[in-house]
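Numbering starts at 1 and runs along the sequence shown. Order of appearance sets the numbers: ligands from 1, and atoms from 1 within every ligand.
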Amino acid sequence: MFKLMPLNYQYNDLEPYIDAKTMEIHHSKHHQTYIDKLNASLKEHPDLLNKDISELVKDIDSLPESIRISVRNNGGGHYNHSLFWNLMTPDLDQQKISDNLSKLIQTNFGDFKTFQEKFTESAVGRFGSGWAWLVSKNGKLEIISTANQDTPLELGCNPILGLDVWEHAYYLKYQNRRPEYIDAWWNVVNWQEVEKRLNK
Ligand code: MN
């Protein structure tokens with residue numbers, strides 16, 4: 001069975017950028033619901049309950065047809081959120097971007113500001129619900145966005161940084177002001193984790 005992992009920090013630790021109530025509901029209700037629904041839909045396929053979540057969502061077309069939609073939505077939801085929590089941190093050291101990573105971003109996007117603008121544009125521009133991503137593909141860094149709970153894995157991309165732009169991620173504090181939420185979120189990015197993912 002898939003299980004909800006606790007956060008590495010407290011629900012109120014990302015204040016004032018991400019409020020405690022949003023974190024609590026997002027983690028303990030939304031993420032938990034994806035996991036519960038995923039487990040329920042795999043009842044008839046116990047072998048799949050032991051798979052690594054990234055393996056499960058990577059090749060949805062290879063799965064039995066009756067569970068594809070649930071794995072896409074609920075399995076994707078579990079995978080994406082598991083990444084998302086670890087990509088944020090209240091720890092000031094983890095929020096520092098290393099020279100090595102800075103240089104890589106410069107090589108791929110010109111400079112950090114351009115990268116940040118492009119990522120933000122992708123996150124603001126995602127119509128409806130979805131995610132913005134920094135991914136690595138064939139040794140290059142790219143910015144993409146996915147709809148709903150679709151993951152970059154399906155597109156052959158390795159997600160390095162991800163931002164949830166579903167309204168449930170920001171509505172309590174920011175209501176319709178998605179760009180404000182995104183601006184605030186940059187303050188809590190765990191660049192150490194980003195680099196770890198890049199080196200994987
Ligand atoms: Mn979410």
In the hydrophobic cluster built from side-chain contacts under 4.5 Å, what are the other members alongside Ile25? Leu172
Is the closest basic N to carboxylate O distance between Glu55 and Lys58 below 4.0 Å? yes
Passing candidate, side chain to side chain contact (heavy atoms under 4.5 Å, CB included) with Leu42, options Asn50, Asp47, Ile67: Ile67
Under 2.8 Å from the Mn ion (ligand 1), how many protein N/O/S atoms can be counted? 4
Pair Lys173 + Glu180, salt bridge at N-O below 4.0 Å: no
Thr89 backbone acceptor or donor facing Asn190 side chain under 3.5 Å: no
Using distance alone, with no hydrogens and no angle criterion, decide if Trp133 and Glu142 have a side-chain donor and acceptor under 3.5 Å apart. no
